[in-house]
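Encoded as structure tokens, the structure appears first; notes follow it.
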Amino acid sequence: MNILIIGSGGREHALAWKMAQSPRADRVFVAPGNAGTAADAENVPISAEDTAGLIQFAKQNNVGLSVVGPEAPLAAGIVDAFEAEGLRVFGPSRAAAELEASKVFCKDLLRKADVPSADYHTFTEPRQAFHYLQEREDAPVVVKADGLAAGKGVIVCRGRDQAIDAVRTIARDREFGDAGNRLVIEERLDGQEVSVLAVTDGKTIVTLQPAQDHKPAGDGDTGPNTGGMGAYSPAPLVDDAMLHWIEEHVLVPTIHAMKLARRPFAGVLYAGLMITNQGPKVLEYNVRFGDPECQPILMRLKTDLVDLLDAAVDRRLDKLDPLEWDPRPAVSVVMAAEGYPGKYEKGRLIRGLDEAAALPDVKVFHAGTKQTDEGVVTNGGRVLAVTALGETIARAKLQAYTAVKCIRWRGAWCRKDISDKALALSR
Ligand code: AMP
Ligand code: GLY
């Protein structure tokens with residue numbers, strides 16, 4: 001079977017690398033891909049937003065399964081468009097992708113389904129939001145733009161003054177455009193964050209091993225938010241009993257509520273959870289694999305990913321054998337461009353990739369990279385996700401950073417403490 005993966009980040013490289021290992025995979029295409037996917041699969045110069053171009057390519061190249069990486073094409077209805085043309089595609093419909101694309105929709109659904117989450121209010125008028133903030137006690141809140149804002153539309157506030165500023169930014173200055181047409185103001189939760197991803201066909205849920213991301217740019221979770229500076233899996237914070245609890249009280253009622261809302265959900269349901277003193281609560285849903293969580297998760301998955309995603313598309317996940325995992329933990333360290341998450345330059349020559357790749361139990365997933373005549377150059381803010389397996393989290397961390405040390409370009413940087421949270425727990 002020919003496979004088409006849509007997107008160009010570290011997640012898509014991990015998907016392509018893993019799916020290309022399947023005996024069922026003939027050609028694996030990535031559109032538009034990066035220098036890493038060009039090495040492990042075949043790049044196709046079509047943008048992830050060019051639905052018509054992708055459909056035409058899938059038809060002409062006998063693609064039997066397409067997998068959509070990022071949220072924007074899902075929210076724009078790429079799955080509906082593929083299905084209308086009779087093409088098999090893994091991912092949620094536009095109506096189901098609302099779970100990520102609208103925070104108001106998500107919060108209302110969680111409330112209806114009685115899934116634990118932060119208390120919230122929604123607003124369409126900034127005036128009402130200001131009034132609400134003036135009237136309530138001065139407590140920490142989180143102000144969120146309703147729509148997709150590349151992870152930036154969420155402002156965590158210490159108290160009223162910051163919250164008022166946040167409402168101004170989103171609703172009056174319209175920093176995130178139409179994404180700020182509606183607002184959510186919710187209670188701020190305290191605890192550690194984990195990501196629990198599940199593959200579902202709308203009937204059966206196959207939960208993947210939990211992972212932990214590192215969103216802030218600086219060591220010790222300081223500095224501005226990023227797309228994610230590193231991840232590890234499993235997350236020792238979530239033991240089997242808690243994972244089971246999350247399935248029962250979070251994932252199952254959500255899938256059920258989506259069915260009742262006539263928006264059956266198939267694809268990856270990614271719960272961003274806060275583990276609070278009162279137990280796990282949902283911070284948000286994503287409707288796709290997490291980046292960088294996907295990288296350590298897929299490095300550990302032994303089950304054939306083509307079998308898994310294919311079964312989801314055919315709605316026969318109930319017939320699939322239980323997933324098999326490498327028991328060893330995996331740690332993924334993101335190497336970023338100078339200036340990221342602010343402004344950064346592209347086109348810097350990357351050295352040492354072969355040296356890093358030669359290390360045992362290491363895979364260097366590419367994100368913002370491009371192949372040129374001179375070699376591989378940087379082409380984005382998050383450039384690489386250097387991922388390693390180890391007998392323990394400490395060993396996996398050491399091996400990942402050993403690989404990081406092999407790789408150089410002008411201005412390259414990374415967090416130095418990826419997985420330390422897990423180490424603190426296992427001490
Ligand atoms: P979201 O896009 O909704 O996941 O929010 C992005 C980040 O904001 C999350 O990963 C959390 O770090 C933080 N966040 C969102 N909602 C809350 C909340 N209710 N309490 C504390 N932090 C939050
Ligand atoms: N790792 C965060 C995300 O994929 O949204």
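For ligands, and for the atoms within them, numbers begin at 1 and follow the listed sequence.
- Contact atoms of ligand 1 toward Lys144: 3 (O), 15 (C), 16 (N) (distance under 4.0 Å to a heavy atom of the residue).
- Not a single heavy atom of Gly228 sits less than 4.0 Å from an atom of ligand 2.
- Of all atoms in ligand 2, listed by their number and element, those nearer than 4.0 Å to a heavy atom of Gly290 are 4 (O).
- Residue-level proximity to ligand 2 for Arg11 is absent, since no heavy atom of it falls below 4.0 angstrom.
- Classification of the Phe57-Phe29 ring pair by plane angle, with boundaries at 30° and 60°, yields perpendicular.
- Inclusion of Lys215 in the set of residues having an N or O under 3.5 Å from an N or O of ligand 2 is not warranted.
- Residues forming a salt bridge (charged side-chain N to carboxylate O under 4.0 Å, His left out) with Asp178 (at least two apart in sequence, or on another chain): Arg174.
- In the displayed structure, Lys405 atom NZ is contacted under 6.0 Å by at most 12 heavy atoms of other residues, nucleotides or ligands.
- Environment of CZ in Arg348: crowded, with over 12 heavy atoms of neighbouring residues, nucleotides or ligands closer than 6.0 Å.
- Looking at Tyr232 and Asp213, their side chains never bring a donor and an acceptor atom within 3.5 Å of each other.
- For the side chain to side chain contact (heavy atoms under 4.5 Å, CB included) criterion with Val89, the lone passing option out of Leu4, Val68, Leu54 is Val68.
- Atoms of ligand 1 lying under 4.0 Å from any heavy atom of Arg188, numbered from 1 in the order shown and given with element: 20 (N), 21 (C).
- Residue-level proximity to ligand 1 for Glu187 is carried by the backbone, the only part with a heavy atom below 4.0 angstrom.
- Aromatic ring orientation, Trp17 versus Phe365: perpendicular (interplanar angle above 60°, classes split at 30° and 60°).
- Ranking protein heavy atoms by distance to atom 23 (C) of ligand 1, first place goes to Leu283 CD2, 3.8 Å.
- With a 6.0 Å radius and a threshold of 12 heavy atoms from other residues, nucleotides or ligands, Arg160 has its CZ atom above the threshold.
- Considering backbone and side-chain N/O of Glu284, none are found under 3.5 Å from N/O of ligand 2.
- Put simply, OG on Ser66 and CD1 on Ile3 are 9.5 Å apart, with the number rounded to the nearest 0.5 Å.
- The closest protein non-hydrogen atom to atom 13 (C) of ligand 1 is Val156 CG2, 4.0 Å.
- For the ligand labelled ligand 2, residue Arg288 lies inside the 4.0 Å heavy-atom shell.
- Annotation: atom 11 (C) of ligand 1 to nearest protein heavy atom, Glu193 OE2, 3.0 Å.
- Within the listing of ligand 1, atoms 16 (N), 17 (C), 18 (C), 19 (N) sit less than 4.0 angstrom from a heavy atom of Glu186.
- Side chains of Asn34 and Ser8: no donor on one and acceptor on the other come within 3.5 Å.
- Each of the atoms 1 (N), 2 (C) of ligand 2 lies under 4.0 Å from some heavy atom of Asp213.
- Within ligand 1, the atoms closer than 4.0 Å to a non-hydrogen atom of Lys215 are 10 (O), numbered from 1 in the order shown.
- Atom numbering of ligand 1 starts at 1 in the shown order; those under 4.0 Å from a heavy atom of Met274 are 21 (C), 22 (N).
- Counting heavy atoms from C-beta outward, Tyr132 and Phe123 have side chains that approach closer than 4.5 Å.
- Scanning Asp190, Val154, Leu189, Asp221 for the heavy atom closest to atom 21 (C) of ligand 1 points to Leu189.
- For Glu345, the CD atom sits in a loose shell: 12 or fewer heavy atoms of surrounding residues, nucleotides or ligands are nearer than 6.0 Å.
- Of the N and O atoms on the side chains of Glu324 and Thr303, not one donor lies less than 3.5 Å from an acceptor on the other residue.
- At least one heavy atom of Tyr270 sits closer than 4.0 Å to an atom of ligand 2.
- Among all protein heavy atoms, the one lying closest to atom 2 (O) of ligand 1 is Glu284 OE1, 3.1 Å.
- The ligand atoms of ligand 2 that sit less than 4.0 angstrom from a heavy atom of Asn286 are 5 (O).
- In terms of polar-atom proximity, Asn225 is not counted as a contact of ligand 1, lacking any N or O under 3.5 Å from an N or O of the ligand.
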